[in-house]
**Q** 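I have a structure here, written as structure tokens, and I will follow up with some questions on it.
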Amino acid sequence: MRTRVLIAGLAAVGLVAGCAPAQNTPAAGGGDEKTGTVRVWLFDEANRAPKEAAVKEAIAEFKTAHSGVEVDVQWIPVEGRADKFSGAFNDPASAPDVAEFGNTDVSSYAATGALADLTGDLSSWKEGADILPAVLETAKSGGKTYGLPWFTGIRALYYRTDLFAELGLKPPTTLAELTETAKTIRAKKTELYGISVGGKYTYAMLPFLWAHGGEIAKQDGDKWKSTVDSEQAKAGVTAYANLLKADICPPEQCANLTGTQSITAFAGGKAGMSIGGDFNRKAVEAGQVKGKYAIIPIPGTEAGKIAPAFSGGNLLGVFNATKRKSLAVEFTELLGGAKYQEKMYVAMGNLPTLGSVQQKLAASDPSVKPFVDTLTAGTKFVPATAAWSKIDAQNVLPTAIQQIATGGKDPAAALATAAAEMNKAFG
């Protein structure tokens with residue numbers, strides 16, 4: 001799930017990285033009543049009104065098509081979702097029929113047995129074939145699909161067009177050029193960060209790791225093993241950590257920055273560049289750099305290449321405990337369909353998961369194109385295992401980044417420790 005500036009922390013996307021709540025017993029199977037109330041959990045937002053308006057429109061349409069049916073939406077704070085979902089996993093009576101959750105939580109949530117397998121439902125859904133394959137993969141665990149991808153969170157490079165013009169700079173075409181450009185900005189505009197990125201911004205670091213040929217982990221059968229200590233991964237993580245230096249983004253100010261704080265600094269006119277998601281555009285538009293920025297894909301190690309981005313995002317899933325399975329699936333497909341994906345884009349800036357909607361928006365809004373191009377070039381995801389939630393919650397990778405940036409450990413030592421901690425979690 002991607003971290004959202006509106007929530008003070010999703011997506012990440014870029015992406016909300018989840019932590020798996022403990023469970024005692026799986027939620028029991030439900031039924032298929034055709035009337036009554038469909039209970040829905042959706043994530044709350046700092047500015048919920050636009051999202052709520054779109055959802056209310058979908059509810060009205062759904063109720064018109066289903067006599068005797070009500071839809072009750074409960075807005076769940078992202079920070080408190082672990083306790084809410086834990087309660088639902090342990091007590092079927094408290095479970096909703098439909099829920100929004102982050103795609104990094106899929107494996108840990110699926111392990112509870114509480115979520116319905118939607119593989120067949122999405123295969124027979126008339127819009128199902130339009131879901132981008134790479135995005136659909138983020139909804140899977142153990143070969144089964146546990147949610148309908150509602151929106152995806154892709155990160156790209158934001159840069160100040162006015163500043164670049166003033167300093168005679170061109171948008172970087174490689175990661176090495178990105179670093180040199182950031183140094184130039186900092187040298188000539190000492191009050192600014194060359195690029196605002198943070199030690200706690202895992203999903204900004206991953207494109208560097210992947211672009212250098214590294215991987216987070218590799219799977220062998222049903223076992224995962226960390227590979228962040230490989231030479232390729234070390235090169236990528238080090239390249240990112242080197243942005244957190246005095247001549248770009250000083251570690252005493254940037255080592256603890258999150259993704260939200262990084263993009264907030266850019267929106268506030270404090271940086272020449274930043275790495276942000278499609279979901280950050282509204283926040284940037286509301287800031288001091290409105291009309292003075294542009295977006296390009298994060299470049300790779302070679303000119304003309306795009307660095308693989310983390311494919312964050314949120315899903316709409318159905319609980320096994322629902323007593324109204326058909327209604328729950330139908331409402332999920334309505335809210336997750338093309339009509340309301342487009343409305344959610346207009347309302348919240350959420351990048352749709354349906355290819356036809358993406359192309360339509362990219363044709364009418366040039367700012368969407370860098371994110372669509374990044375998706376088309378190929379994205380990657382975190383290890384599809386429940387252990388990832390534990391690794392993420394323990395800040396294993398951010399700790400390594402911070403150690404390298406501050407000189408607390410050399411890259412080899414920092415990543416060897418990170419790999420050992422990851423392997424302990426993998427089991």
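The structure presented is a predicted model; accordingly, all values stated were derived computationally and were not measured.
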**Q** Heavy atoms, side chains only, cut-off 4.5 Å: are Thr179 and Leu175 in contact?
**A**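 In short, these two side chains do not touch, never coming nearer than 4.5 Å.
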**Q** List the atom pairs, donor and acceptor, that lie under 3.5 Å between side-chain atoms in residues 249-259 and the rest of the protein, sequence neighbours left out.
**A**
from, atom 1, to, atom 2, distance (Å)
Gln253, OE1, Tyr193, OH, 3.0
Asn256, OD1, Gln402, NE2, 3.1
Thr258, OG1, Gln261, N, 3.2
Thr258, OG1, Gln261, OE1, 3.4

**Q** Rounded to the nearest 0.5 Å, what's the gap from CG on Leu206 to OG on Ser311? Could you check?
**A**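 Answer for the CG-OG pair, Leu206 versus Ser311, is 12.0 Å.
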**Q** Measure the spacing between CD of Gln394 and CE of Met422 and express it to the nearest 0.5 Å.
**A**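 Those atoms lie 11.0 Å apart.
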**Q** Got a donor-acceptor contact below 3.5 angstrom from the Asp130 side chain to the Leu354 backbone?
**A**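 Side chain of Asp130 to backbone of Leu354: no pair is present.
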**Q** Show the numbers, then the answer: is there a side-chain contact (heavy atoms from CB on, under 4.5 Å) between Asp72 and Val38?
**A** CA-CA 6 Å; Asp72 176 50; Val38 177; over 6 Å; no
**Q** Closer than 4.0 angstrom, basic N to acidic O: yes or no for Glu61 and Lys339?
**A**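 Salt bridge flag = yes for Lys339 with Glu61.
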**Q** For residues 285-303, run the donor-acceptor check on the side chains, cut-off 3.5 Å, and write out each pair with its distance to 0.1 Å, sequence neighbours left out.
**A**
from, atom 1, to, atom 2, distance (Å)
Glu285, OE2, Tyr293, OH, 2.7
Lys292, NZ, Gln288, O, 3.4

**Q** Would you compute the distance between atom CG of Asn90 and atom OG1 of Thr112 and round it to the nearest 0.5 angstrom?
**A**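 Asn90 atom CG to Thr112 atom OG1 measures 8.5 Å (nearest 0.5 Å).
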**Q** In Å and rounded to the nearest 0.5 Å, what is the CD1 to CG distance from Ile154 to Asp278?
**A**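 These two atoms lie 7.0 Å from each other.
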**Q** Distance only, no hydrogens: is a donor on one side chain within 3.5 Å (strictly under) of an acceptor on the other, for Asp365 and Tyr345?
**A**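 Distance-only check passes for Asp365 and Tyr345.
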**Q** Which residues pass the ring pair (Phe, Tyr, Trp, His ring centres under 6.0 Å) test with Tyr240, not counting sequence neighbours?
**A**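 In terms of ring pair (Phe, Tyr, Trp, His ring centres under 6.0 Å), with neighbours along the sequence ignored, Tyr240 is linked to Phe208.
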**Q** Do any N or O atoms from the side chain of Asn314 and from the backbone of Phe151 form a donor-acceptor pair under 3.5 angstrom?
**A**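 Absent.
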**Q** Cut-off 3.5 Å, side chains only: do Ser196 and Ser274 have a donor facing an acceptor?
**A**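 Yes, a side-chain donor-acceptor pair sits under 3.5 Å.
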**Q** Is a side-chain donor or acceptor of Asn280 paired with a backbone partner of Gly276 at a separation under 3.5 angstrom?
**A**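 Not confirmed, Asn280 side chain does not pair with Gly276 backbone.
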**Q** Looking at every non-hydrogen atom in both residues, tell me the closest pair between Pro370 and Ser367 and how far apart they are.
**A**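 Distance-wise, the nearest heavy atoms are CD-O, 3.3 Å.
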**Q** Just grab all the side chain to side chain donor-acceptor pair (under 3.5 Å) pairs involving residues 216-231, residues at least two apart or on different chains.
**A**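 Listed by first then second residue: Glu231-Lys234.
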**Q** Which distance, rounded to the nearest 0.5 Å, do you find between the CG of Leu315 and the NZ of Lys140?
**A**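 So the gap between those two atoms works out to 12.5 Å.
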**Q** Could you check if a side-chain atom of Glu45 sits within less than 4.5 angstrom of a side-chain atom of Val78, using non-hydrogen atoms only?
**A**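 Not touching, per the 4.5 Å side-chain cut-off.
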**Q** If I compare all heavy atoms of Val318 with all of Thr322, which pair ends up nearest, and what's the gap?
**A**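 Here Val318 and Thr322 meet closest at CG1-CG2, 3.9 Å.
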**Q** Determine whether a donor-acceptor pair (N or O, by modelled atom type, separation under 3.5 Å) exists between the side chain of Gln341 and the backbone of Gly336.
**A**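 Here the side-chain-to-backbone pair exists.
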**Q** Which pairs, with at least one residue in residues 413-426 and sequence neighbours excluded, count as a side chain to side chain donor-acceptor pair (under 3.5 Å)?
**A**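 Qualifying pairs, neighbours excluded: Lys409-Thr417.
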**Q** Closest approach of Ala425 and Ala387, non-hydrogen atoms and distance?
**A**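 In this case the closest contact between Ala425 and Ala387 is O-CB, 3.5 Å.
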**Q** Run the ring pair (Phe, Tyr, Trp, His ring centres under 6.0 Å) test against Phe62 and tell me which residues pass, sequence neighbours left out.
**A**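 Per chain and number, Phe62 pairs via ring pair (Phe, Tyr, Trp, His ring centres under 6.0 Å) with His66, Phe331.
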**Q** Output yes when a side-chain donor or acceptor of Lys245 lies under 3.5 Å from a complementary backbone atom of Ala405, and no otherwise.
**A**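 Yes; at least one donor-acceptor contact below 3.5 Å.
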**Q** State, to 0.1 Å, how close Thr202 and Pro398 come at their nearest heavy-atom pair, and which atoms those are.
**A**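 Shortest heavy-atom separation between Thr202 and Pro398 comes out as OG1-CG, 3.4 Å.
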**Q** Tell me, with the steps shown, if Thr260 and Tyr201 meet side-chain contact (heavy atoms from CB on, under 4.5 Å).
**A** CA-CA 9 Å; Thr260 296; Tyr201 196 0; over 6 Å; no
**Q** Apply side-chain contact (heavy atoms from CB on, under 4.5 Å) to the pair Trp41 and Phe85, showing each step before the final yes or no.
**A** CA-CA 10 Å; Trp41 286 0; Phe85 276 85; 4.3 Å; yes
**Q** Please report the C-alpha distance between Leu244 and Ile401 in whole Å, then the side-chain angles of each, then the deciding distance to 0.1 Å, and finally whether the side-chain contact (heavy atoms from CB on, under 4.5 Å) criterion is met.
**A** CA-CA 9 Å; Leu244 307 178; Ile401 295 168; 3.9 Å; yes
**Q** Looking at His212, is its backbone amide N or carbonyl O close enough to the side chain of Gln232 to form a donor-acceptor pair, meaning the two atoms are under 3.5 Å apart?
**A**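 Side chain of Gln232 to backbone of His212: no pair is present.
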**Q** Would you mind reporting whether Asn103 and Thr152 have side-chain heavy atoms less than 4.5 Å apart?
**A**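 No, their side chains stay 4.5 Å or more apart.
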**Q** With sequence neighbours excluded, what pairs up with Tyr146 under the ring pair (Phe, Tyr, Trp, His ring centres under 6.0 Å) test?
**A**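 None.
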**Q** Just by distance, do the side chain of Asp105 and the backbone of Phe101 share a donor-acceptor pair under 3.5 Å?
**A**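 Absent.
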**Q** Could you grab the distance from atom CE of Met205 to atom CD1 of Ile275, nearest 0.5 Å is fine?
**A**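 Going from the CE atom of Met205 to the CD1 atom of Ile275 covers 11.0 Å.
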**Q** Scan residues 352-372 for pairs that pass ring-ring contact (aromatic ring centres under 6.0 Å, His included), counting only residues two or more places apart or in two chains.
**A**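 Sorted pair list comes back empty.
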**Q** Among residues two or more places apart or on two chains, list those pairs meeting disulfide (SG to SG under 2.5 Å) that have a residue in residues 358-427.
**A**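 Passing the test, one end in residues 358-427: no pairs.
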**Q** Without swapping roles, check the side chain of Thr379 against the backbone of Leu375 for a donor-acceptor pair under 3.5 Å.
**A**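 It does not hold such a pair.
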**Q** I want to check something: taking the side chain as every heavy atom from C-beta on, are Leu132 and Gln358 in contact at a cut-off of under 4.5 Å?
**A**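 SC-SC contact between Leu132 and Gln358 confirmed.
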**Q** With the side chain counted from C-beta on, respond yes when Thr104 and Asp392 share a heavy-atom pair under 4.5 Å apart, and no when they do not.
**A**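 They are not in side-chain contact.
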**Q** For Glu342 and Lys360, which heavy atoms make the closest approach, and how far apart are they?
**A**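 Between these two residues, the closest heavy atoms are OE1-NZ, 3.1 Å.
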**Q** Sequence neighbours left out, what pairs pass disulfide (SG to SG under 2.5 Å) with at least one residue falling in residues 355-394?
**A**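 Matches after skipping sequence neighbours: none remain.
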**Q** Can you label the angle between the Phe319 ring and the Phe89 ring as parallel, tilted or perpendicular, going by 30° and 60°?
**A**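 The arrangement is parallel - the two ring planes meet at less than 30°.
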**Q** Does Arg160 pair with Glu166 as a salt bridge, N-O distance under 4.0 Å?
**A**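 Between Glu166 and Arg160 there is no salt bridge, as every charged N stays at least 4.0 Å from the carboxylate O atoms.
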**Q** With sequence neighbours excluded, give me every disulfide (SG to SG under 2.5 Å) pair touching residues 343-412.
**A**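 Sorted pair list comes back empty.
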**Q** Can you confirm whether Leu115 sits close enough to Asn320 that some side-chain heavy atom of one is under 4.5 Å from a side-chain heavy atom of the other?
**A**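 Counting from C-beta outward, Leu115 and Asn320 never come under 4.5 Å.
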**Q** Mark yes or no for whether Arg186, through its side chain, and Thr190, through its backbone, hold a donor-acceptor pair below 3.5 Å.
**A**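 Checking the backbone N and O of Thr190 against the side chain of Arg186, a donor-acceptor pair under 3.5 Å is found.
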**Q** I want to check something: taking the side chain as every heavy atom from C-beta on, are Arg281 and Val368 in contact at a cut-off of under 4.5 Å?
**A**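 With C-beta onward as the side chain, the pair touches.
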**Q** If you measure only the distance, is there a donor-acceptor pair under 3.5 Å linking the side chains of Thr173 and Glu177?
**A**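 A pair is found: one side chain offers a donor N or O, the other an acceptor, under 3.5 Å apart.
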**Q** With a 4.5 Å heavy-atom cut-off, do Thr184 and Leu169 have their side chains touching?
**A**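 In contact.
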**Q** Please test Phe310 against Trp210 for ring-ring contact (aromatic ring centres under 6.0 Å, His included), starting from the C-alpha separation and ending with a verdict.
**A** CA-CA 9 Å; Phe310 166 69; Trp210 288 323; 7.0 Å; no
**Q** Donor-acceptor pair, distance only, cut-off 3.5 Å: does the side chain of Tyr159 make one with the backbone of Pro172?
**A**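 Not confirmed, Tyr159 side chain does not pair with Pro172 backbone.
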**Q** Kindly state each residue pair satisfying disulfide (SG to SG under 2.5 Å) with at least one member in residues 358-427, sequence neighbours excluded.
**A**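 Not a single pair qualifies under disulfide (SG to SG under 2.5 Å).
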